[in-house]
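What follows is a single structure, written as structure tokens, with notes after it.
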Amino acid sequence: MKIGLIGCGNIGKFVLQSVNINGLLPGSRIEGVYSRHYDHANQIASEFVTNAYSSVSDLLQSDIDLVIEAANIYVVKDYAPVILESGKDLLIISVGALAELAFYEQLRQLCQDKKTKIYLPSGAIGGLDVLKAAMSVGQLDSVSITTRKPPQALPGAPLDSESILFEGSASKAIALFPQNINVSIILSLVGLGADKTNVKIISDPGVAKNSHCIEAAGSFGRLKLQVENDPMPNNPKTSFLAALSVLSTLKSRNEFIQVG
Ligand SMILES: NC(=O)C1=CN([C@@H]2O[C@H](COP(=O)(O)OP(=O)(O)OC[C@H]3O[C@@H](n4cnc5c(N)ncnc54)[C@H](OP(=O)(O)O)[C@@H]3O)[C@@H](O)[C@H]2O)C=CC1
Ligand SMILES: O=C([O-])CC(=O)C(=O)O
């Protein structure tokens with residue numbers, strides 16, 4: 001598999017290190033990178049033995065099968081349609097971009113027309129398999145996520161005391177915290193949708209990890225799952241598990257037997 005990468009931050013560099021340097025995806029390489037500043041892309045390209053591109057359209061004209069988005073939700077909104085129109089598959093980690101149904105439907109239609117695929121990693125959470133199975137007959141009654149992070153991982157959080165920064169729907173949460181609560185949108189996509197998925201965001205100076213507690217109930221029974229994630233070394237907002245989930249999604253794409 002020949003891969004293009006948009007965004008050379010924490011997750012982007014982890015994937016570059018894993019694939020191009022450590023060889024964790026045999027038969028695959030990241031052939032090109034694009035970032036906001038060409039100088040940065042160039043420096044990353046020499047560090048991780050790949051090519052730098054100065055525009056997404058140049059990256060798309062290169063010989064790649066799949067593009068990884070590891071930038072932000074605005075990049076997904078700007079470039080996802082053109083990536084799919086070019087016939088490339090697309091892996092999106094800033095899944096909050098798909099919160100609006102009209103955009104989701106536009107991308108789904110493009111995939112159908114162009115015979116391309118979108119891959120959405122599970123990111124910083126788990127439990128999606130349970131919700132998917134429950135929704136296969138449409139019998140899920142409630143889904144919620146409580147996210148607890150240290151204040152330095154959340155915008156506008158007080159540094160000295162625990163505080164609830166947000167309580168409400170996933171659609172409102174992602175609009176207010178576009179870099180912090182992508183997890184609520186992946187839950188929405190497999191479950192009840194962004195308006196019916198409940199979110200609580202807590203800033204807690206007493207914790208060092210990013211934790212997410214997912215609760216759901218339906219005809220299958222009940223789910224309660226808590227992940228306690230170590231943050232990425234250079235970006236406390238992002239959990240290491242999110243970067244790992246990108247790699248595992250790429251690995252599954254190469255597998256003949258699908259589990260889960
Ligand atoms: N689905 C999930 O569970 C999770 C999703 N995420 C999301 O993953 C994404 C990446 O996270 P992370 O790697 O930690 O973020 P970083 O901030 O470390 O990296 C983002 C990179 O994107 C680049 N970028 C910004 N704007 C553009 C643009 N217009 N075109 C190209 N590149 C651009 C930035 O460049 P520059 O350095 O110049 O600013 C930066 O290098 C974020 O949207 C984050 O919210 C994170 C955790 C969990
Ligand atoms: O990494 C995390 O713990 C969650 C996160 O930032 C997001 O969902 O955007």
Side-chain angles (χ1 to χ4, degrees), residues 4-17 32-45 47-48 52-59 67-80 82-83 91-99 119-128 145-150 152-155 166 170 173-190 197 199 201-203 207-214 226-249:
L5 173 68
I6 301 180
C8 302
N10 278 277
I11 293 179
K13 282 193 270 191
F14 171 80
V15 178
L16 280 160
Q17 176 72 32
V33 296
Y34 167 76
S35 193
R36 188 161 36 174
H37 305 290
Y38 183 63
D39 286 354
H40 185 217
N42 231 337
Q43 176 218 317
I44 292 284
E47 188 178 347
F48 296 101
Y53 289 88
S54 58
S55 71
V56 170
S57 60
D58 285 351
L59 176 66
V67 174
I68 299 174
E69 173 282 321
N72 58 52
I73 65 176
Y74 312 107
V75 163
V76 178
K77 287 182 181 166
D78 286 348
Y79 297 117
V82 72
I83 293 167
L91 183 154
I92 297 173
I93 191 64
S94 306
V95 290
L98 304 186
Y119 298 90
L120 303 179
S122 47
I125 57 167
L128 303 179
I145 178 164
T146 302
T147 290
R148 184 180 290 269
K149 290 188 178 187
Q152 56 275 21
L154 290 160
F166 177 84
I174 195 70
L176 292 171
F177 297 89
Q179 294 188 313
N180 296 88
I181 201 75
N182 286 281
V183 283
S184 70
I185 300 304
I186 194 87
L187 266 189
S188 305
L189 292 174
V190 292
T197 301
V199 178
I201 303 175
I202 301 167
S203 161
V207 299
K209 295 183 192 284
N210 296 329
S211 77
H212 303 285
C213 180
I214 293 145
Q226 171 134 338
V227 278
E228 296 192 355
N229 291 323
D230 286 325
M232 297 286 285
N234 297 319
N235 184 353
K237 290 194 290 290
T238 291
S239 299
F240 183 41
L241 183 63
L244 293 173
S245 81
V246 173
L247 201 58
S248 86
T249 301

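All ligand and atom numbering here is 1-based and tracks the order in the structure.
Each of the atoms 27 (C), 28 (C), 29 (N), 30 (N) of ligand 1 lies under 4.0 Å from some heavy atom of V75. For ligand 1, the atoms closer than 4.0 angstrom to any heavy atom of Q179 are 45 (O). Under a 4.0 Å criterion applied to the non-hydrogen atoms of A70, ligand 1 contributes the atoms 10 (C), 20 (C), 21 (C), 22 (O). Listed by atom number, the atoms of ligand 1 under 4.0 Å from H37 heavy atoms are 38 (O). Under a 4.0 Å criterion applied to the non-hydrogen atoms of V183, ligand 1 contributes the atoms 3 (O). Near A124, the atoms of ligand 2 lying under 4.0 angstrom from a non-hydrogen atom of the residue are 1 (O), 2 (C), 3 (O), 4 (C). When each atom of ligand 1 is checked for a heavy atom of Y34 under 4.0 Å away, the hits are 30 (N), 31 (C). Close approach of ligand 1 to G123 is summarised as follows: ligand atoms under 4.0 Å from at least one heavy atom of the residue are 2 (C), 3 (O).
Using a 4.5 Å heavy-atom cutoff, the side chains of N180 and L154 are in contact. In this structure, the side chains of N72 and V75 come closer than 4.5 Å at one or more pairs of heavy atoms.
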For this session: For L247 and F14, run side-chain contact (heavy atoms from CB on, under 4.5 Å): C-alpha distance rounded to whole Å, both residues' side-chain angles, the deciding distance at 0.1 Å, then the answer.
Result: CA-CA 9 Å; L247 201 58; F14 171 80; 4.1 Å; yes
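The part of I181 lying near ligand 2 is the backbone, judged by heavy-atom distances below 4.0 Å. With a 4.0 Å cut-off on non-hydrogen atoms, N180 touches ligand 2 through its backbone and not its side chain. The part of K149 lying near ligand 2 is the side chain, judged by heavy-atom distances below 4.0 Å. Contact annotation for Q179 and ligand 2: only backbone heavy atoms (N, CA, C, O) come within less than 4.0 Å of the ligand.
Regarding atom 44 (C) of ligand 1, its nearest protein heavy-atom neighbour is N182 ND2, 3.9 Å. Nearest protein neighbour of atom 48 (C) of ligand 1, counting heavy atoms only, is A242 CB, 3.4 Å. Atom 15 (O) of ligand 1 has as its closest protein heavy atom N235 ND2, 3.7 Å. Nearest protein heavy-atom neighbour of atom 2 (C) of ligand 2: S239 OG, 3.2 Å. Atom 11 (O) of ligand 1 has as its closest protein heavy atom I11 CD1, 3.7 Å. Of the protein's non-hydrogen atoms, N182 ND2, 2.8 Å is the one closest to atom 9 (O) of ligand 2. Ranking the protein heavy atoms by distance from atom 36 (P) of ligand 1 puts R36 NH2, 3.4 Å first. Counting only heavy atoms of the protein, atom 5 (C) of ligand 1 lies nearest to I93 O, 3.3 Å. Scanning the protein heavy atoms around atom 46 (C) of ligand 1, the nearest turns out to be T238 OG1, 3.5 Å. For atom 25 (C) of ligand 1, the closest non-hydrogen atom on the protein side is N72 ND2, 3.5 Å.
By the neighbour-count criterion of 12 heavy atoms within 6.0 Å, atom OH of Y74 is sparsely surrounded, having that number or fewer from other residues, nucleotides or ligands.
In this structure, the separation between OG1 on T238 and CD1 on I11 is 5.0 Å, given to the nearest 0.5 Å. In this structure, CD1 in I6 is found 11.5 Å from CG in L91, a value given to the nearest 0.5 Å.
Side chain to side chain, S239 and N210 meet the donor-acceptor criterion of an N or O pair below 3.5 Å.
No donor-acceptor pair under 3.5 Å is formed between the side chain of Q226 and the backbone N or O of S211.
Nearest-heavy-atom check against atom 10 (C) of ligand 1 across P121, G9, A71, P236 picks out A71.
Distances between N or O atoms of V183 and those of ligand 2 include at least one value under 3.5 Å. Looking at ligand 1, you won't find any N or O of G12 less than 3.5 Å from one of its N or O atoms.
Ligand 1 has no atom lying under 4.0 Å from any heavy atom of I186.
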